[in-house]
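For ligands, and for the atoms within them, numbers begin at 1 and follow the listed sequence. Because the structure is a prediction, the values reported are computed rather than measured. The first residue of the sequence shown is numbered 1, and numbering continues consecutively from there.
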Amino acid sequence: MEQTLSIIKPDAVAKNVVGKILSRFEDAGLRIAATRKMQLSQADAEAFYAVHAERPFFKDLVEFMISGPVVVTVLEGDNAMAKNRDLMGATNPKEAEAGTIRADFAESIDANAVHGSDSVENATNEINFFFAQKEIC
Ligand code: GDP
């Protein structure tokens, strides 16, 4: 069974739509294998987004990700990675298809409600970044 990592970002947590977003995953047939609300440190956010370290928006991205708590979740199911990406919608919510999480809950490309792993290989690394094996069940 494929697994992927989702993060409900600080903007969506602040809007109090955690349950609504988790329901979308369940309604699409994905199972919550692990979940935790947490406050990322600057070091956590910099390490998690290290692949973007050279991008011009890196500093803003890290600042945003530590601006409030997040909810990190392991989703499990057939094609979990691609299915989650479909549910999320485009990175820029203004380009996101109607009915996607970003179209419905996000304001801007910075505050875009959710993160989702973009490959199965990245998903494994991102899951291991946040969760111990015994927490995933
Ligand atoms: P994702 O996989 O759809 O989340 O997109 P990426 O992996 O390309 O980018 C990671 C995150 O960086 C995005 O979710 C955005 O929050 C942020 N980001 C990406 N591109 C831009 C940009 O051009 N400007 C700003 N401010 N943030 C961006």
Side chain, backbone, both or neither: which part of Lys59 comes within less than 4.0 Å of ligand 1 when only heavy atoms are counted?
-> neither
Hey, is the main chain of Phe130 close enough, under 3.5 Å, to the side chain of Arg36 for a donor-acceptor pair?
-> yes
Can you sort out which atoms of ligand 1 are near Asn112, meaning under 4.0 Å from one of its heavy atoms?
-> 13 (C), 14 (O), 15 (C), 16 (O)
Please determine if Leu61 has a nitrogen or oxygen closer than 3.5 Å to a nitrogen or oxygen of ligand 1.
-> no
Give, for atom CG of Asp110 and atom CZ of Phe57, the distance between the pair rounded to the nearest 0.5 Å.
-> 9.5 Å
Considering distance alone, does some N or O of Tyr49 sit under 3.5 Å from an N or O of ligand 1?
-> no
State whether the side chain of Ser23 and the backbone N or O of Gly19 hold a donor-acceptor pair below 3.5 Å, judged by distance alone.
-> yes
Could Asp104 and Lys20 be called an ion pair, given the rule that one side-chain N must be under 4.0 Å from one carboxylate O?
-> no
Please say whether His115 places an N or O atom under 3.5 Å from an N or O atom belonging to ligand 1.
-> no
Arg102/Glu107 salt bridge by N-O under 4.0 Å criterion = no
Sub-6.0 Å ring centroid separation between Phe48 and Phe129 = yes
Under 3.5 Å, N or O to N or O, is Asp60 touching ligand 1 that way?
-> no
How does Ile109 reach ligand 1, if at all, at less than 4.0 Å between non-hydrogen atoms: by side chain, backbone, both, or neither?
-> both
re atom 2 (O) of ligand 1, the protein heavy-atom contact at minimum distance is Arg85 NH1, 2.8 Å
To the nearest 0.5 Å, tell me how far Asp60 CG sits from Met65 CE.
-> 13.5 Å
Rounded to the nearest 0.5 Å, the CG atom of Leu5 sits from the CG atom of Leu75 at a distance of 8.0 Å
Return the residue, atom name and 0.1 Å-rounded distance of the protein heavy atom closest to atom 3 (O) of ligand 1.
-> Thr91 OG1, 2.6 Å
Under 4.0 Å, heavy atoms only, figure out whether ligand 1 is touched by the backbone of Met65, its side chain, both or neither.
-> neither
closest protein heavy atom to atom 22 (C) of ligand 1 is Phe57 CD2, 3.5 Å
Would you please determine whether Lys9 falls within less than 4.0 Å of ligand 1 on a heavy-atom basis?
-> yes
Yes or no on side-chain contact (heavy atoms from CB on, under 4.5 Å) for Ile32 and Glu26, after CA distance, side-chain angles and deciding distance?
-> CA-CA 8 Å; Ile32 294 169; Glu26 292 184 327; 3.7 Å; yes
Candidate pair Thr124 and Gln3, rule side-chain contact (heavy atoms from CB on, under 4.5 Å), full reasoning | CA-CA 8 Å; Thr124 302; Gln3 294 180 336; over 6 Å; no
Give the residue and atom name of whichever protein heavy atom lies nearest to atom 4 (O) of ligand 1, and the separation in Å to one decimal.
-> Arg102 NH2, 3.1 Å
Heteroatom proximity flag, His52 to ligand 1, N/O under 3.5 Å | yes
Measure the distance from atom 26 (N) of ligand 1 to every protein heavy atom, then report the residue, atom name and distance (to 0.1 Å) of the closest one.
-> Asp110 OD2, 2.8 Å
